[in-house]
Amino acid sequence: MGMISVLSRAACFIAIIFLGYFLRRAGFFKADDFQVISRIVLKLTLPAAIVYSFADKVIDPSMLVLTLLGFLGGVVYIVTAFLMNMGRDREKKAFEIINLSGYNIGNFTLPFVQNFLGPTGVVVTSLFDSGNAIICLGGAYSLATIVKGEGKGIPIGRMVRTLVKSVPFDAYLVMTILCLLGIRLPQQVVMFSEIIAGGNAFMAMLMIGVGFQLSGDREQIGTIVRILAVRYGIAALLSAVFFFLLPLPLEYRQPLAVLAFAPLSSAAPAFTEELKSDTGLASAVNSISIIISICCIVAAVSLVL
């Protein structure tokens, strides 16, 4: 599959976002339907996609450094969100912690890696995504709930409990452990997860479209520009560090340089909903990040090959 096929797939993702947006505008979906769709994504299709993607993999413990990189990449964005919002109200700080950190890898970036960087690229991507999962599938949300609340400090116990309640995170944790131990799931379980996982990309993009709301006021546009400018400025820096400075084989550094430009996590609008924050703004930021990431990833693939 060549570049045209990959770009066609990316264009389909964008088309599904527009479909969700226009169906909501036409009255097919109501505002409350976003919450229903987000629950389906977080508790059904995304966990199934994680189980299926790890079902046939065996992980060498020495490769867990790639998982650490995925985790640290998210930490960089969380720390940046804290620094950007010092002195601002808790609501805005919590919103940006969720909507600046995390990568959409399984639904979006993996097809690029799969088509251009081969089996090794897929394994590197999966391990990186395991570390990323700690951030985007519960870690950032846990911190955001603490920041938005009245308590001070970071109660580790509460953060861990919130993280463990995240079904996608639990799926990543269990599957990573099974892969490290070389334990394979029964074929019937893999087939069942494959069927549900088949709907994950569609449901995630549809969710973003249904939630998309762009009021056009200066504050909202300013927030979007601010988040995305910081996001992709850091992404360019991380991509360069991954490719030029890491003491890893070239076949590891190539996918890492591409992964740095992955769009914002598709779970971010769903977690924003659970936080009772501005889901319309979260969906708008997420949608625009997909378009920017297409351009950045295509350029990155061209440069690293």
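Residue indices begin at 1 and follow the sequence shown.
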Side-chain donor/acceptor pairs under 3.5 Å, residues 71-81, sequence neighbours excluded:
from, atom 1, to, atom 2, distance (Å)
Tyr77, OH, Arg231, O, 3.2
Tyr77, OH, Ala235, N, 3.4
Thr80, OG1, Val76, O, 2.7

Which atoms form the tightest heavy-atom contact between [X] and [Y], and what is the distance?
| X | Y | result |
| --- | --- | --- |
| Phe28 | Asp33 | O-OD2, 4.3 Å |
| Ile227 | Leu100 | O-CD1, 3.5 Å |
| Glu251 | Gln254 | CA-OE1, 3.9 Å |
| Val51 | Ala171 | CG2-CB, 4.4 Å |
| Asn85 | Lys93 | O-CE, 3.3 Å |
| Asn99 | Ala282 | OD1-CB, 3.3 Å |

Let me confirm one number: the [atom1]-[atom2] distance from [X] to [Y], rounded to the nearest 0.5 Å.
| X | Y | atom1 | atom2 | value |
| --- | --- | --- | --- | --- |
| Leu228 | Asn286 | CG | CG | 9.5 Å |
| Ile195 | Thr45 | CD1 | OG1 | 14.0 Å |
| Ser277 | Glu96 | OG | CD | 10.0 Å |
| Ser302 | Ile297 | OG | CD1 | 11.5 Å |
| Ile291 | Ile17 | CD1 | CD1 | 7.5 Å |
| Met203 | Ile16 | CE | CD1 | 11.0 Å |

Can you get from [X] to [Y] by hopping between Ile, Leu, Val, Met, Phe, Trp and Tyr side chains that sit under 4.5 Å apart?
| X | Y | answer |
| --- | --- | --- |
| Phe244 | Tyr252 | yes |
| Ile234 | Met86 | yes |
| Val190 | Ile177 | yes |
| Phe18 | Leu281 | yes |
| Val189 | Ile196 | no |

Answer whether the closest heavy-atom distance between the side chains of [X] and [Y] falls below 4.5 Å.
| X | Y | answer |
| --- | --- | --- |
| Met207 | Phe34 | yes |
| Leu256 | Leu66 | yes |
| Ile288 | Ile292 | yes |
| Asn132 | Leu259 | no |
| Tyr21 | Ser283 | no |
| Leu64 | Leu180 | yes |

Do any N or O atoms from the side chain of [X] and from the backbone of [Y] form a donor-acceptor pair under 3.5 angstrom?
| X | Y | answer |
| --- | --- | --- |
| Asp89 | Lys92 | yes |
| Asn104 | Thr109 | no |
| Ser38 | Phe271 | no |
| Asp129 | Thr125 | no |
| Ser293 | Phe261 | yes |
| Arg90 | Lys148 | no |
| Thr67 | Leu127 | yes |
| Ser289 | Leu264 | yes |
| Asn200 | Ala49 | no |
| Tyr141 | Leu275 | no |

What do the steps show when you test Leu246 against Leu69 for side chain to side chain contact (heavy atoms under 4.5 Å, CB included), and what is the final call? CA-CA 11 Å; Leu246 288 183; Leu69 289 175; 3.8 Å; yes
For Arg88, does the CZ atom have more than 12 heavy-atom neighbours from other residues, nucleotides or ligands under 6.0 Å away?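 Yes.
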side-chain contact (heavy atoms from CB on, under 4.5 Å) partner of Phe243, chosen from Leu248, Val258, Leu250: Leu250
Checking side chain to side chain contact (heavy atoms under 4.5 Å, CB included) for the pair Met175/Leu185: CA distance, chi angles, key distance, verdict? CA-CA 9 Å; Met175 292 308 297; Leu185 292 175; 3.8 Å; yes
Please test Leu42 against Glu274 for side chain to side chain contact (heavy atoms under 4.5 Å, CB included), starting from the C-alpha separation and ending with a verdict. CA-CA 11 Å; Leu42 284 179; Glu274 296 212 1; 3.9 Å; yes
Working note: Phe82 + Val147, criterion side chain to side chain contact (heavy atoms under 4.5 Å, CB included); need CA distance, chi angles, decisive distance, verdict. CA-CA 10 Å; Phe82 270 109; Val147 167; 3.7 Å; yes
